*Asks:* 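I'd like to ask you about the structure that follows.
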Amino acid sequence: MRLIEIYNITGSVTLRTADPQDTPEINLRFFKKHGSADLSELVAATKLLRQTWLAAGNGAAPFQELHPCPGEVGKTNCTDGAQAEFTKLQAWSHHATSTCAIGADNDPMAVLDSKFKVRGVLGLRVVDASAFPRVPGAFPVIPTLMLSQKATADILADAKKD
């Protein structure tokens, strides 16, 4: 039963039940566009990593790979197809950002105003990495910290007004 489903260009979030404690279904739609080419590149990168490990010799190798090709590196017979399928099924983004963008009042894609308030929802603010209009780089921790400091100042200033 789908209660609420939110779609954007890259994925969806679906509430499975009315219970707010239940985990939603999140589909980031990885590999939807150019998926075969992306997966081929990821398999090639994984192979390069294995070759590098083997070339490093003692101290770095041998080690036991857990997945997608369990066993000692360089001594397993794991197909490209198996590696691609594993990557496709296990891919996730631990740096997911920019799903609830902050922006100008005339920006139709901006969900948040400059004070992190959700437009059209009274009393709700979003203060996390989803507020970025674009992914802030490969390591969004520091930009998120800066964003939260600004939001803290805004929230405290609004609290003093009340």
Side-chain angles (χ1 to χ4, degrees), residues 2-53 56 59-60 63 65-68 83-162:
R2 292 175 184 239
L3 298 176
I4 297 176
E5 190 160 25
I6 300 170
Y7 280 96
N8 68 18
I9 295 168
T10 58
S12 65
V13 176
T14 304
L15 299 181
R16 297 181 209 205
T17 70
D19 183 349
Q21 298 297 314
D22 286 346
T23 304
E25 176 184 322
I26 301 172
N27 181 350
L28 298 174
R29 290 200 174 88
F30 288 143
F31 310 112
K32 186 171 175 103
K33 285 186 173 184
H34 314 293
S36 295
D38 291 343
L39 286 168
S40 293
E41 292 296 324
L42 288 168
V43 169
T46 303
K47 287 178 174 181
L48 179 61
L49 177 62
R50 286 189 193 105
Q51 290 171 355
T52 304
W53 233 285
F63 75 93
E65 183 173 338
L66 299 179
H67 44 75
Q83 292 177 73
E85 186 66 14
F86 177 86
T87 301
K88 183 177 180 180
L89 295 176
Q90 297 300 319
W92 61 283
S93 177
H94 62 284
H95 289 160
T97 70
S98 312
T99 57
C100 193
I102 195 169
D105 290 337
N106 63 352
D107 182 349
M109 297 303 290
V111 176
L112 307 176
D113 68 14
S114 65
K115 303 292 183 188
F116 302 90
K117 294 177 182 177
V118 177
R119 289 188 167 92
V121 181
L122 186 62
L124 180 62
R125 295 183 201 239
V126 174
V127 182
D128 61 21
S130 65
F132 292 114
R134 291 179 302 286
V135 178
F139 194 65
V141 173
I142 300 303
T144 303
L145 174 66
M146 295 169 69
L147 179 138
S148 65
Q149 288 178 330
K150 182 200 181 305
T152 299
D154 291 341
I155 292 167
L156 290 174
D158 282 353
K160 287 181 182 177
K161 291 179 191 174
D162 294 336

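Computed over heavy atoms, backbone and side chain alike; hydrogens, waters and symmetry mates excluded. Not measured: the values here are computed from a predicted model.
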*Asks:* With distance as the sole test, does Arg16 use its side chain to make a donor-acceptor pair with the main-chain N or O of Asp22 at under 3.5 Å?
*Replies:* no
*Asks:* First locate atom CG of Asp113, then atom CG of Asp107, and finally report the distance between them rounded to the nearest 0.5 Å.
*Replies:* 12.5 Å
*Asks:* How far apart are the closest heavy atoms of Ala151 and Val127, and which atoms are they?
*Replies:* CB-CG1, 3.5 Å
*Asks:* Going by heavy atoms in the side chains, are Ile155 and Phe116 under 4.5 Å from each other?
*Replies:* no
*Asks:* Dump the intermediate steps for side chain to side chain contact (heavy atoms under 4.5 Å, CB included) on Val126 and Val111, then the final yes or no.
*Replies:* CA-CA 9 Å; Val126 174; Val111 176; over 6 Å; no
*Asks:* Anything under 3.5 Å between a donor and an acceptor, one on a side chain of residues 128-136, the other on a protein residue two or more places apart or in another chain? List them.
*Replies:*
unit_1, atom_1, unit_2, atom_2, d
Asp128, OD1, Ser130, N, 2.9
Asp128, OD1, Ser130, OG, 2.3

*Asks:* If you compare all heavy atoms of Pro108 against all heavy atoms of Asn106, which two are closest, and at what distance to 0.1 Å?
*Replies:* CD-O, 3.3 Å
*Asks:* Measuring from atom CG of Leu124 to atom CZ of Arg119, what distance do you get when rounded to the nearest 0.5 angstrom?
*Replies:* 13.0 Å
*Asks:* Would you mind reporting whether Leu39 and Thr87 have side-chain heavy atoms less than 4.5 Å apart?
*Replies:* yes
*Asks:* Hey, could you give me the CZ/CD distance between Arg50 and Gln83, rounded to the nearest 0.5 Å?
*Replies:* 4.0 Å
*Asks:* Roughly how far, to the nearest 0.5 Å, is the CD1 atom of Ile102 from the NZ atom of Lys150?
*Replies:* 6.0 Å
*Asks:* Just so I know, are the side chains of Pro24 and Thr14 near enough to count as touching, which here means a heavy-atom distance under 4.5 Å?
*Replies:* no
*Asks:* Any ion pair linking Asp158 and Lys117 (charged N to carboxylate O, less than 4.0 Å)?
*Replies:* yes
*Asks:* So, are Arg125 and Asp154 salt-bridged, with charged N and O less than 4.0 Å apart?
*Replies:* no
